[in-house]
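Everything below concerns the one structure shown next.
Lettering follows sequence order; numbering is per chain, from 1.
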Amino acid sequence: MSPRKRAGATTEARAETRFVQPEFARIPARRILVVSPTVQIRLGPGDRALVSAGQKVNPGMPIAERTCDAEFIDVGRLNRPANGNGRENGPSRPIDPQQERRRSPRPGKWWVGGDDRRGKTARRETPRRLAGTLLYEMDGRWTAAAGDRHEKVEAPTSGVVVEAENCIGITMKVSGVAIPAAVAGGQPTRGYLDVPRLVDGELRDTTLDVGRSGAIVVAGGRVSAEMLTRARAMSIRGMVAGSLGQAELRDLAASEARQRAGLHTTPPFGALGLDGHQRRPIASPILALLAALAGREVAILIDPPLLVLDVVDVPLPELPPDWVRVRNGVHAGREGRWLSSAGLHRFRAGIHLEAANIRLGDDLQPTVIALADLERFIL
Amino acid sequence: MSRQPRAFFALDFGSATTSAALVGHAGGRWRLLAHSAAPSTTDLDALLFGILDRVEHADRELLEFVSARERPKTAALVADLARLESRSTPPRRIAVLAGSKRQRRRLEEVAARAGWLVVGGSADVSDPLELSRLVLAWDTHAVLLGADSSPAGDEKRHLPMLGALVAAAARRRPELAVVLAGGAAIQESDFHGAGEHDRIPEVAKVAEPVAETPADTDAETGGETEEPPAADGGAESAAEDAPAEAATGDVAAPAAPVDAAPAPEPAPAPAPEPEFAAPIEAPPTDRHDSVLLAPDAESGQPAGSALQQVLEGLRARSDDTRLGIARSVRSLALLLDKSIEAIEVGIDGGLRCRAEPFGPGHRNIVSSHVTMAGGSFTPEDLTDEIIDAVLSWSTIAFDRYRLSDRLRDLRSSPWGEADGEGALLRLAAAKAAVERLVAATPEISAREMPDILIAAGGVWSSTPPSVVALAMADLVRRPGVGRLASDQARLLGPLGAIADEDERRKMLKDLVGDVLLPLGSLVLPAGIRQGRSAGRMRVTGDTANSDIDLQPGGIWAVELQPGQTATADMEFKDAVRLGARGRRFSVEVSGGLGGLFVDLRDIPLRLPDRADQKRATWESWQRAMWSEIDE
């Protein structure tokens with residue numbers, strides 16, 4: 001049995017979940033959706049925020065500028081505004097740029113310069129133009145983290161900026177709801193949700209073709225490193241799976257580093273593991289929700305790991321009030337219904353744990369499972 | 001009968017586990033009536049309801065007596081009974097900066113011993129950009145900039161740059177706590193004179209002495225002994241603890257406000273009495289707005305303890321569970337007049353502490369403790385070294401990535417798969433954590449076998465007692481005879497939150513039998529020659545007599561029930577070390593859930609180099625203590 005999706009079932013579904021026995025309440029609860037989560041986009045020295053606190057952002061809007069090749073620069077003395085000629089690289093900022101330039105030098109301030117600007121004669125015909133952020137001042141001389149290669153960071157989703165600081169990061173309150181995940185890799189990204197047909201809960205490699213370019217693909221229980229590589233090559237924006245192994249995350253991080261080092265950058269790519277690192281199928285209520293949202297624009301966020309749905313009104317899956325899922329152990333990933341408490345039960349290796357009788361799937365006999373290995377869903 | 005309930009809940013809010021115990025005053029003393037533990041996600045009231053229901057079913061009259069009500073309603077009791085609480089402090093990260101790699105290593109070691117997650121950099125190796133990244137990182141909560149008290153040239157030339165860098169970062173992030181240790185305090189002036197857009201961090205006031213509040217007396221009974229601890233005793237108590245200790249000279253105050261002492265003052269050597277982190281009397285949000293001057297990484301005895309104290313006070317909550325355990329162990333050592341060592345392993349860190357009387361019957365206690373984020377059984381920073389360590393203790397063959405995945409999932413679901421293979425993995429991870437704690441505390445390892453060795457922490461909660469005892473024997477290898485115990489009800493942390501030392505000791509005196517669940521006794525001789533029978537041992541007790549041929553390289557468990565005592569007479573063929581050196585020994589041993597353990601394995605343990613043989617060796621020892629492993 002699997003939960004069916006039902007549009008507009010928000011209120012009723014919540015009412016149903018209130019019916020629980022006291023022992024049932026001891027099962028760890030898993031929230032399927034979170035409303036307006038707060039997310040972070042981290043910046044480092046040399047990076048600047050292009051938005052300010054309180055500002056509304058929309059998907060695709062530039063919110064930050066990263067300095068890809070930031071290096072340590074001795075700027076020298078800055079007794080006048082950092083950009084004396086009034087020119088500034090990068091997109092326009094929401095605050096008055098004149099005022100920004102007139103502010104006195106301070107740590108974190110955007111700085112544009114080069115050898116020519118520092119009174120040095122360049123041998124090269126085209127002097128290197130650097131931009132970055134000021135780091136600190138010592139004996140009247142400023143230092144900066146700056147480089148000549150910059151890339152824009154676009155907002156993956158809509159929301160309101162809570163805090164934005166050069167070199168540190170941007171905190172944003174997302175508008176809409178999101179599905180929380182356990183682990184994420186890559187970069188925040190955005191695309192249309194694609195839920196291809198899964199075979200035994202898994203996605204075949206050949207399913208990933210160029211036709212899915214720009215999509216965030218739901219990939220079943222697990223994605224392999226090869227699948228991630230193939231997806232990137234097909235311009236797919238992201239993958240959502242039940243689990244994401246450490247080996248795949250390392251490969252993805254290495255791939256990201258290579259992309260950053262290259263001159264030609266590719267669109268951001270992100271991967272989400274909804275349950276953790278070990279292989280497990282996607283929980284059926286979440287899969288039902290994803291299937292109902294197929295074709296809509298969604299975003300993958302990394303910190304914290306989230307699949308953001310820009311809308312508030314989403315079709316919630318219909319969940320029986322006693323529906324549980326096995327999270328760990330030999331039955332991991334299976335789902336069923338709570339029958340009764342089994343009290344303190346002796347498990348393998350003589351370990352005594354609080355347990356429950358669960359009817360898994362279509363099994364005729366109930367299975368005794370430790371409460372800590374179960375999870376119940378709340379909306 | 002007083003209307004005041006004679007019972008309270010002792011609550012330990014761990015990162016993975018919430019543990020609750022009902023302690024009641026009955027039969028003229030405080031007793032542990034019931035306890036339970038559940039994942040930290042579990043509703044607390046449901047846990048407390050369960051405890052009260054169990055007591056009600058077992059002995060309704062007892063519940064009526066301790067609650068001072070007829071037909072008490074559990075809902076009312078859950079709401080009304082006092083609560084003594086302790087909590088695990090969430091892990092926080094500190095960036096350690098120094099002028100030289102040598103100094104950085106010292107500072108990192110001290111910061112790690114104070115329970116911080118540590119990232120570090122030195123100006124002689126890393127460029128300022130790299131150091132700025134460490135300091136400005138989102139998850140960095142504090143910066144420690146340190147140098148020798150008289151910095152040499154290699155450090156001194158980098159200090160102005162480091163001071164400017166940290167000051168700039170502190171202006172960008174006012175919530176960042178900054179500690180200037182040793183000679184780095186000379187850079188304190190960098191933190192003044194910020195521009196109009198900058199916010200200067202306020203100077204912290206660390207551990208200002210406050211007059212100790214005398215213990216409340218019961219208005220009706222007029223006696224202190226009848227008064228259960230205050231409901232919010234945890235928070236109040238720990239806050240008052242430091243001033244109380246400072247007043248008695250127990251706590252050195254090595255950190256000084258910048259205003260008051262522009263130049264760094266050398267830390268006074270710690271007194272023989274233990275020093276515990278003096279909590280900063282400010283809410284956590286204010287706590288970060290601080291620049292602290294602290295002693296260098298060599299001050300104190302052992303070296304670095306003075307700085308460790310400052311960093312611990314900066315990191316830990318006032319009602320921190322681990323510091324509470326260390327306080328309780330100190331009280332127990334004084335109470336029982338015995339040397340006591342405790343090893344606690346949790347998901348966010350671990351603790352190793354030791355306390356012992358200065359001499360027989362002496363009122364002074366010598367103690368030390370180390371809290372380490374790396375003492376977690378599944379640390380946040382899961383490095384290859386940690387994975388290798390778990391592999392070396394594991395009896396299951398894993399590939400590295402699979403083990404890494406399992407350990408990370410164990411962190412996100414610490415109560416998951418506690419049986420079968422999961423139990424073995426958990427045991428290997430716990431042993432690796434204890435190994436890290438032991439390696440980080442050479443000053444404790446250098447002492448003799450303690451009279452009582454306590455295993456604490458959620459990781460042991462579902463493990464069979466004999467396996468916990470074996471793990472302790474595997475890891476704390478010092479010749480001698482000692483008792484093994486477990487803090488099964490997790491009371492040491494909450495009891496350590498009681499402010500007044502006398503009151504805490506009084507409570508522990510009543511509860512000592514309940515707090516320490518006896519696992520058994522451990523006999524661990526050193527210097528046994530391999531290859532032939534080492535001698536014989538005769539255990540003579542009230543109900544059990546055993547005669548054992550002592551075969552080198554093995555470990556035996558002799559059945560000896562909790563509460564029973566026996567005499568173990570040992571006669572070795574060659575002289576061995578068992579406290580003293582000799583061939584014949586007669587020692588008093590006490591029983592426990594695991595019995596009496598006679599460990600004739602090498603000190604330190606000698607294991608095969610090959611991984612499969614090592615696993616087989618572990619398994620053979622483990623199987624002897626864990627017969628249910630094949631179920």
Report all side-chain donor-acceptor pairs from residues 125-132 of chain B shorter than 3.5 Å, counting only partners two or more places apart or in another chain.
| unit_1 | atom_1 | unit_2 | atom_2 | d |
| --- | --- | --- | --- | --- |
| B:D127 | OD1 | B:L129 | N | 3.4 |
| B:D127 | OD1 | B:E130 | N | 2.9 |
| B:S132 | OG | B:P128 | O | 2.9 |

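- With chain B as partner, the option from A:R327, A:E137, A:R346 having the largest number of non-hydrogen pairs under 4.5 angstrom is A:R346.
- Chain A forms the most heavy-atom pairs under 4.5 Å with one residue out of B:A418, B:A423, B:G422, and that residue is B:A418.
- Under the side-chain hydrogen bond (donor to acceptor under 3.5 Å, both in side chains) criterion, B:D388 pairs with B:R400, sequence neighbours left out.
- In summary, the side chains of A:H277 and A:S243 do not present any donor paired with an acceptor at a separation below 3.5 Å, with no hydrogens or angles considered.
- With a 4.5 angstrom heavy-atom cutoff, B:L382 does not touch chain A via any of its atoms.
- The choice from A:P45, A:P28, A:G329, A:A372 that makes the most heavy-atom pairs within less than 4.5 Å of chain B is A:P45.
- Residue A:R30 does not touch chain B at all, counting heavy-atom pairs closer than 4.5 Å.
- Using a 4.5 Å cut-off between heavy atoms, A:L135 touches chain B through backbone and side chain atoms alike.
- Chain B forms more heavy-atom pairs under 4.5 Å with one residue of A:G350, A:A145, A:A247, A:G276 than with any other, namely A:A247.
- Most heavy-atom pairs under 4.5 Å with chain A, from the set B:G163, B:S412, B:A38, B:S413: that is B:S413.
- Using modelled atom types and a 3.5 Å distance limit, the side chains of B:S486 and B:W460 yield no donor-acceptor pair.
- Neither side chain, B:D405 nor A:Q278, offers a donor N or O lying under 3.5 Å from an acceptor on the other.
- With a 4.5 angstrom heavy-atom cutoff, A:T133 does not touch chain B via any of its atoms.
- The side-chain heavy atoms of A:L134 and A:R106, taken from C-beta on, include no pair separated by under 4.5 Å.
- No option in B:L44, B:I51, B:D45, B:L47 other than B:D45 meets the side-chain contact (heavy atoms from CB on, under 4.5 Å) test with B:V78.
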